[in-house]
Every structure is written in structure tokens, then in C-alpha cells.
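The model shown is predicted, which means the values in this text are computed figures rather than measured ones. Every heavy atom of this structure was used, including side-chain atoms; hydrogens, water molecules and symmetry mates were not. Here, residue 1 is the first one in the sequence, and each next residue gets the next number.
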Amino acid sequence: MNPNTTVPPQETVGESHRAKRVFAGSLWGILAKILDALAKFITIPLLVGFYGKADYGLIALAFSLNAYLRLMDLGFNVGAVRYFSMWTAKEEWEKIGNVSRSSVVFYGVIGLANAVIFLGMSAYGQQLFNLTDAQVPLYRQMMYILAFSTVLNWLSGVAVQLLSAKDELAYVNRVTVVSSILNFTVALLAIQLHWTLITYFAWYTLTTLIPIPFYIWRLRVFPISRSVLLAPRWDGGAFREILTYSLAIFLMGLFQLTANNLRPLLLGKFANGMEVLTDYRVIQTIAMLIVAFGGVFMQVLLPSTSKAYAEGDHQRIERMVFEATKYISIFLSFMVFVLILNADEILLLYMGNDYSGLSLWLSLWLLTVLLSMHNTPVASLVLSTGKTRFLVYSSAVACMVSLPITIIFAPSLQVGAAVVGYLVYMVLQIGFFYSYYIPKVLRLDGFRLFTRAFLPAAVGGVSALLISRYATGQLTLPHGYGMVIASSVIFAVIYVVYLLMFVLKPAAIRELKETLMGKGNGNA
């Protein structure tokens, strides 16, 4: 653009309006993610206490089965949003209508296939998993409920994709917030009204369907009718363009999703009883709190990193990746090591004496989350390069190595087998990033990134953990909330002092403050 050219006022207003909508969508997305994590965190001990460890394991099994079958999306969700967004910008409404109607057919077929799988699995519960005779009827009824709901849930994906392309993420996430509140309410009602396990599961499933009419109603933001968008009609030519792109995304994520979502199913098959899935769900929920809060921090720093890569400024890319990795590592190290320090007390307060043995596996899972999430800025940049073929290979190798570990050790380690398997998967993946992607694709100094951006925060966390544990051991404190508060305060003081002495120099603190408060340019 010529520097003297004036941007049309309506274009400026349009871009500003779109930016505000995207920002609002991000804020509501953050709220929805945190609220969902907190709702699960609060309701799981209540439900386990009410239904018992073994029967709640059936719910965890059903959730895991449903999550794993989402692989049948074939990566189409990512591709659809990408192309719908492009066509919306160009106002190619006829093309959008043709593809969205084809998507209804596509997702309808997938939903029916899912329903058939659930119905088939309902007949082979004891052959597939370690179910008791009393659990078989409950398992079968859950499969029937999932078979009914899965078709509608798959079809709702079309409406969400269209709304996402129209910058309606704020609306979608508001509806998600309402759904999370309803999920929480159903759990409380189940306990208060003494619902059976199946009644609770049926009502919970219903709350996942309630958003669908709201999504469909909101499609009125399109200048074409909802019948044109959703009436099933196959158009292979228009649909093929998205499917070709989506299959590449699917291949990239196949092994990662398999490694993550197949582990609880392997526990249900090779470990002893459904109780192990309750253990898995408990420590997973606590670990996912770190992922949720870490995602909030990510959204502050990563946009500038992605912009720097798009502009091709290698020096700026290196600086931004280093800074993002450093501050994410500091934040996550604080959260992770505070939870590890208080793991025994948290599990005691959260679930009771029967779960105190999970503190080792919870700590190991938290360390694995820290290891994986510190690499997110690099992983995002790798995806933006489009050079993902080696990522498919590395994910495949890591998946094939880690899953047998879960199978082999499930009888002896129980839930620990899944945690160890996940750790092995993540260590291999991070190893591939530091040995190939960081030096060869991004042309960054991996040794400097690891030793100067990640390691100082991790070392500080370990040091503060050890000193805090010794200090609290010298104090006479009652077990429970008092112990958690006291040890957390001691840890925070030691960790902050360490950061100020060895990691965060005064100039860096001023720069971070200016960046977050919007003063000056910082690194953005």
C-alpha cells in the first residue's frame, strides 16, 4: 500500500469491529475453559463419594470412549473452519451453502457409524473391559445413551464451524459456559435427589445437546437461510477441497490423539477393575487445571510470536520464542511445583484417605505437563511453517513406543502405567523437537532455549520445593488447609526471591510490565 493512501473509514471500522469480536471470543473462550475445568474439579469428588469408585469408573470409561471416537472427524473441523472463513471473507455464500450441506451428510454418516460402534460395544462389555457382572447392565445402558446422542453431537459441529468462520466465537463460548453450568447443576441435583447412575448420565448427556438449538438459531447472522446451510445434500466436488486439506491435518494429529485418548481405554482393559479409571480421572482433572491456566498465559504472548514469523524477521522470531518460553516456564513451574509440594494434602482434602497413594503419579503427570507446555511456542511456530511431515513420523514413533508401556505395566502399576506411558511419549516428542525442528526447521539455538529459557524456571521450582518441604517439616502445623496455605506461601516467597536474583533482571521486569500494561512496544 502507498504510504499516502488513506484507508477507507468503513474498512477501518470493519477491521476494528472484527478485532473486538475476536478478542471477545478469546476472553469467553478462556472463561469457558477455566469454568469447565473448575466444574470437573469440584464435581468429581462429590460424584465419586456418592456413586462409589467402581461405578464412577464406568462414567470415566464412557467419556474416554466418546473422546477417542472423535478421531473419526478426520481433521475436517480444522479444514472446514479455515475454508469457511476464506469464503466468508470473499462472500462466496453459494459455495458455503454447498459445502455446509455436504458436511451435514458427512457428519451424519460419521454419527451413524459412531452409533453403530456404541451399540456393538454394548454387547461385548466384559470381553473388552474388566467389568463385574453387576456393572454390565449399567455399561450397556450408557452405550445406548451415547449411541442416541452421538449423531446430534456430530451434526452440531457444522453449525459451530460456520459460526466460528463468521467470528461468532464469543457467542459459541457463551453457550459453552451455560452448558458447563448446567453440567455442574446436574451433578448437584443427582446427589441431592439421589438419582441412579444412569439417570445422572442421561441428564448429563442431555446438557451436552442443549446448545445445539442455540447454535442453529444464531446462523441467522449469515445472509442465506438456515435451510440452505443445513438441508442435507451431497456435493462431492465442493466438499473434496476441504477433505483433502483435512486429511493432512488428520494424519498429523492421529498419533497424538491416539496416545492421549487410548491410555484410559487400555487401563480399562488391562488394569484391575474400573476403579483405576476413577483414579485416572481424578489426577487428570487436577493436571488439566494447569493446562487451562497455562492457556490463558499463552494467549498473552503467542500472537506477537506468530506475527513475527509471518513477517520473516528471524531475529525477532528468536527473541519472541525465547521470551514466550521463559515466561510460560516461570508461570507453569510455579503452578506445577506448588501442586507437587501439596499433592498429599490436596488429594486428602479433595478425595479422602483412599487416594493418598496417587500423589506420586499426580506429581509425575504434572511434571510431564510442564515439559510439554513449555514447548508450545515452538510447536505453534512449527505448525505455521507447514513442514509437518516429520512431526507425523515423530508422533508415530512416540505413540508406538509409549502405548505398549501402558499395556505391560497396567497390571502392576495400575494408573501409574498410563502416566509413565504419557511421560515416555512426551520425552520422545520433546526430543524430536530439540534435535530436529528447533535447529533444522526454525534455525534456532535449542541448547540456549532449553538451558536459559526453560531450565532456570524449572531449577528454581525444584529448589523452592525442597526448601519449602524442609521448612514446613520444622513447623508444627495441622494437616489440611492450614498446611497447604503455609507451604504455598513459603514456596512463593522462595521462588520469587530466586527469580529476582537469578532469572528476572530489573530491565526484564520493566519490559514485561510495559508490554502487559500496553505501554511502549516491548517485544510485540
Side-chain angles (χ1 to χ4, degrees), residues 36-70 114-115 117-119 121-122 124-126 128-150 153 179-210 260-289 350-352 354-355 358 414-415 418:
D36 184 63
L38 289 175
K40 289 184 173 67
F41 185 81
I42 294 170
T43 57
I44 284 178
L46 299 176
L47 293 170
V48 172
F50 183 71
Y51 290 114
K53 190 174 181 180
D55 283 350
Y56 183 81
L58 288 173
I59 297 178
L61 176 65
F63 289 158
S64 299
L65 284 170
N66 203 31
Y68 186 65
L69 288 178
R70 299 303 297 184
N114 266 218
I117 291 172
F118 284 130
L119 291 174
M121 294 182 73
S122 68
Y124 299 99
Q126 285 185 308
L128 293 169
F129 308 104
N130 288 325
L131 303 177
T132 64
D133 291 338
Q135 289 176 326
V136 171
L138 298 174
Y139 166 82
R140 187 175 292 121
Q141 292 176 70
M142 286 182 174
M143 293 301 103
Y144 294 157
I145 293 171
L146 288 177
F148 166 76
S149 64
T150 189
N153 272 322
S179 181
S180 295
I181 294 172
L182 291 175
N183 293 342
F184 180 74
T185 304
V186 164
L188 297 182
L189 288 174
I191 297 169
Q192 186 68 28
L193 302 178
H194 300 281
W195 288 351
T196 65
L197 185 71
I198 297 304
T199 302
Y200 162 71
F201 189 75
W203 276 99
Y204 176 89
T205 305
L206 180 63
T207 63
T208 66
L209 302 177
I210 286 176
N260 288 337
N261 294 326
L262 196 59
R263 287 178 295 129
L265 302 183
L266 294 176
L267 286 178
K269 171 64 177 176
F270 296 101
N272 301 324
M274 288 296 103
E275 293 89 343
V276 68
L277 290 180
T278 299
D279 292 342
Y280 180 89
R281 185 79 171 169
V282 167
I283 60 177
Q284 180 194 41
T285 301
I286 297 174
M288 288 305 103
L289 284 173
Y350 184 43
M351 297 299 299
D354 294 340
Y355 293 82
L358 295 178
Q414 295 293 294
V415 71

Who pairs with R140 by side-chain contact (heavy atoms from CB on, under 4.5 Å), at least two apart in sequence or on another chain? S122, V136, Y144
How long is the straight-line distance from NE2 of H194 back to CG of L189, given to the nearest 0.5 Å? 12.0 Å
Measuring from R281:CZ to S64:OG, what's the distance to the nearest 0.5 Å? 7.0 Å
Taking C-beta and beyond as the side chain, do L188 and L46 meet within less than 4.5 Å on heavy atoms? yes
To the nearest 0.5 Å, atom CG of N153 lies from atom CG of N66 at 7.0 Å
Please say whether more than 12 non-hydrogen atoms of neighbouring residues, nucleotides or ligands are located less than 6.0 Å from CZ in F50. yes
Exactly one candidate in L267, D55, L131, T132 meets side chain to side chain contact (heavy atoms under 4.5 Å, CB included) with M274; the answer is L131
Specify whether Y350 and F41 have parallel, tilted or perpendicular ring planes, treating 30° as the upper limit for parallel and 60° as the lower limit for perpendicular. parallel
Heavy-atom closest contact (N261 atom, A67 atom, distance): ND2-O, 3.9 Å
Tell me, yes or no, whether the heavy-atom count around W195 atom CH2, taken from other residues, nucleotides or ligands under 6.0 Å, exceeds 12. yes
Closest non-hydrogen contact found for Y204 with V186 is N-CG1, 3.9 Å
Quick one: does K40's side chain get under 4.5 Å of N183's, heavy atoms only? no
Got F201 and L146 here, is their nearest side-chain heavy-atom distance under 4.5 Å? yes
Side-chain contact test, heavy atoms from C-beta onward, threshold under 4.5 Å: evaluate it for T205 versus T208 and give yes or no. yes
Roughly how far apart are F118 CZ and I145 CD1, rounded to 0.5 Å? 11.5 Å
Do you know the tightest heavy-atom contact between Q135 and A54? NE2-O, 3.3 Å
For A271 and V276, work out which heavy atoms get closest and say how close. CB-CG1, 3.7 Å
Minimum heavy-atom separation for A62 and M142, please, with both atom names. CB-SD, 4.3 Å
Given side chains that start at C-beta, do those of L65 and M143 come closer than 4.5 Å, heavy atoms only? yes
Using the side-chain contact (heavy atoms from CB on, under 4.5 Å) criterion, which residues pair with A39? Sequence neighbours excluded. F184
So, taking the atom named CG in L61 and the one named CG in L138, what distance separates them when rounded to the nearest 0.5 Å? 12.0 Å
Over 60° means perpendicular and under 30° means parallel, so tell me whether Y200 and Y51 are parallel, tilted or perpendicular. tilted
Minimum heavy-atom distance L277-A60, with the two atoms named: O-CB, 3.7 Å
Does anything in residues 265-278 form a side-chain hydrogen bond (donor to acceptor under 3.5 Å, both in side chains)? List the pairs, not counting sequence neighbours. none
Strictly distance-based, threshold 3.5 Å: is any side-chain N or O of T150 a donor or acceptor partner for the main-chain N or O of A147? no
Check: Y139 side chain, M121 main-chain N or O, donor-acceptor pair, under 3.5 Å: yes
To the nearest 0.5 Å, tell me how far D354 CG sits from D279 CG. 9.5 Å
4.5 Å side-chain heavy-atom contact, L47 and I59: no
Do W203 and T207 come within less than 4.5 Å of each other through their side chains, counting heavy atoms only? no
